[in-house]
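Report on the following structure.
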Amino acid sequence: MTVRLHWFLPTTGDDRSVVGVTARDSLQSRSTARPPTLDYLAQVARAAESAGFEAVLTPTGSDCEDSWLTTAALIPQTSRLRFLVAFRPGVIAPPLAAQMTATYQRLSGGRLLLNIVTGSDADEQRAYGDFLAKDDRYARTGEFLELLHRAWSGESYDFEGAHYRVAGGRLRRPPLTRPPVFFGGSSEAALPVAARHADTYLTWGEPPAAVEKKIARVRDLAAAEGRELSYGIRLHVISRDTAAEAWAEADRILDSLDPAAIKAAHERFSRSESTGQRAMAALSGGRTDRLEIHPNLWAGFGLVRPGAGTALVGSHEQVAERIEEYAALGIEHFILSGQPHLEEAIRFGECVRPLLSRQLATTAL
């Protein structure tokens, strides 16, 4: 088994409570204790690098700082850390995206990874000027990724599809190393796109049985395309010296959440176009009394936070065991976060990573 550990860059700001909560979800605008300044994000990036993480995921959305500009500014602040840049194909033309990725690879020394976000919130997509229906967005993403790979070849190409048209396209300075493509999506429209175009399929932190079923479906689709993918999972982490301390921290976070915000968020998430978001909402049911949905897997973040809603909670040994459990299913990439991200990156690197290093084969990307 191979485990590759990645961290998260909090470009919405950082706090000791739940970050990533939009004003719409929390019913009110909420400032964070640590704004996403370049100085603070550089501290998090350097801490992640020192803790042994290979890359940091940088999110995309109207509540985040731009992922391209932020991570580009952090290239000289780090030496080997890679940047998993999330972006939306619908708001950028494929030839320009190919040029941006090639430039990024040259400037960073090949440290770019791509996280393709097709878009799960129709209101936010429309705010970006994107009015396509969900299934059409995934079809467009498929065309986008096909064009991206054509451009990376450095050869001239023409393309005419349902969503893009290119005549005489050519990337004159293609990247020496193509950035790996990470892709998430749980709907029937999403899975074939992942199987055909992605390098790594990502899932949010559902219980192991559900994760196993999902990646088996993607694996079969990829095999039909003559391809093999790697698999990754997105989870929060609350790891402490003892299980009691970890669950006390989970309880502290839960106590900080506004019941009205929990109710409003659950109603919104349950109506989401995103199959994955509805699955996250269903794990808690909007309730606060049954949040341990699998040993050491806690659904508390998903009460108010869109996207990844579960955390591994327990002693350092228990967290390592749960990571091993997912790894045994074929999960290779673990994209983790903890709040505040600065201190928790250091804690994980000092206390959990050594346990994994003794029990699992760990390799660099």
Side-chain angles (χ1 to χ4, degrees), residues 1-6 53-57 60 82-89 94 97-98 101 105 110-120 135 137-153 175 177-235 274-276 279 307-308 323-336 360-365:
M1 291 182 290
T2 299
V3 166
R4 297 179 176 185
L5 300 172
H6 313 287
F53 291 100
E54 298 179 13
V56 286
L57 171 64
T60 182
R82 303 180 77 176
F83 297 101
L84 179 50
V85 175
F87 74 101
R88 299 168 191 253
T101 59
Q105 286 292 68
R111 291 195 274 155
L112 176 65
L113 312 170
L114 296 178
N115 179 29
I116 305 299
V117 178
T118 300
S120 62
D135 287 359
R137 291 201 299 269
Y138 279 110
R140 180 181 60 193
T141 295
E143 288 189 10
F144 182 98
L145 290 171
E146 182 178 344
L147 277 165
L148 205 59
H149 283 92
R150 287 197 189 185
W152 284 339
S153 73
T177 303
R178 298 185 183 193
V181 173
F182 288 64
F183 180 95
S186 299
S187 70
E188 287 302 307
L191 300 185
V193 177
R196 191 172 298 121
H197 298 289
D199 298 301
T200 299
Y201 175 75
L202 291 176
T203 181
W204 287 328
E206 296 178 76
V211 169
E212 183 177 26
K213 182 178 179 180
K214 185 184 294 185
I215 65 174
R217 169 76 170 136
V218 178
R219 188 178 286 118
D220 288 344
L221 290 170
E225 298 285 343
R227 305 183 71 235
E228 291 185 4
L229 277 59
S230 61
Y231 298 89
I233 194 167
R234 172 79 178 93
L235 289 158
S274 167
T275 303
I323 290 175
E324 291 173 29
E325 183 176 7
Y326 282 110
L329 302 178
I331 297 293
E332 180 176 342
H333 298 272
F334 290 79
I335 303 175
L336 307 173
L360 298 171
T362 59
T363 62
L365 279 168

Do [X] and [Y] have side-chain heavy atoms sitting under 4.5 Å apart?
X      : Y      : value
Arg227 : Asp199 : yes
Phe87  : Leu114 : yes
Arg234 : Trp204 : yes

By side chain to side chain donor-acceptor pair (under 3.5 Å), which residues pair with [X], not counting sequence neighbours?
X      : answer
Arg178 : none
Glu325 : His294, Arg322
Arg219 : none
Ser230 : Thr200

Mind checking the [atom1]-[atom2] spacing from [X] to [Y]? Nearest 0.5 Å is all I need.
X      : Y      : atom1 : atom2 : result
Phe334 : Leu235 : CZ    : CG    : 7.5 Å
Asp220 : Ile215 : CG    : CD1   : 11.0 Å
Leu202 : Leu84  : CG    : CG    : 7.0 Å
Tyr201 : Ile331 : OH    : CD1   : 9.5 Å
Thr141 : Arg88  : OG1   : CZ    : 11.0 Å
Leu145 : Ile116 : CG    : CD1   : 5.0 Å

Give the minimum heavy-atom separation between Pro94 and Leu148, together with the two atoms involved.
->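 Taking Pro94 first and Leu148 second, the nearest heavy atoms are O-CD1, 3.9 Å.
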
Least distance between heavy atoms, Ala97 atom then Phe144 atom =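 The answer is CB-CZ, 3.6 Å.
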
May I have the list of side-chain donor-acceptor pairs in residues 182-197 shorter than 3.5 Å, sequence neighbours left out?
residue, atom, partner, partner atom, Å
Ser186, OG, Lys214, NZ, 2.9
Ser187, OG, Ala189, N, 3.4
Ser187, OG, Ala190, N, 3.2
Glu188, OE1, Arg217, NH2, 2.9
Arg196, NE, Glu225, OE2, 3.3
Arg196, NH2, Glu225, OE2, 3.3
His197, NE2, Gly142, O, 3.3

Among all residues two or more places apart in sequence or in another chain, which pass the side chain to side chain contact (heavy atoms under 4.5 Å, CB included) test with Gln105?
->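 Result, side chain to side chain contact (heavy atoms under 4.5 Å, CB included) vs Gln105: Ser108, Leu112, Pro175, Thr177, Pro179.
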
For the residue pair His333 and His6, categorise the inter-ring angle as parallel (less than 30°), tilted (30 to 60°) or perpendicular (more than 60°).
->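 If you compare the ring of His333 with that of His6, the planes turn out parallel.
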
Salt bridge or not for Glu54 and Arg82, using N-O below 4.0 Å?
->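 Arg82 and Glu54: not salt-bridged.
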
With sequence neighbours excluded, residues passing salt bridge (Lys or Arg N to Asp or Glu O under 4.0 Å) with Glu143 =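 If we apply the salt bridge (Lys or Arg N to Asp or Glu O under 4.0 Å) test to Glu143, skipping adjacent residues, there are no hits.
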
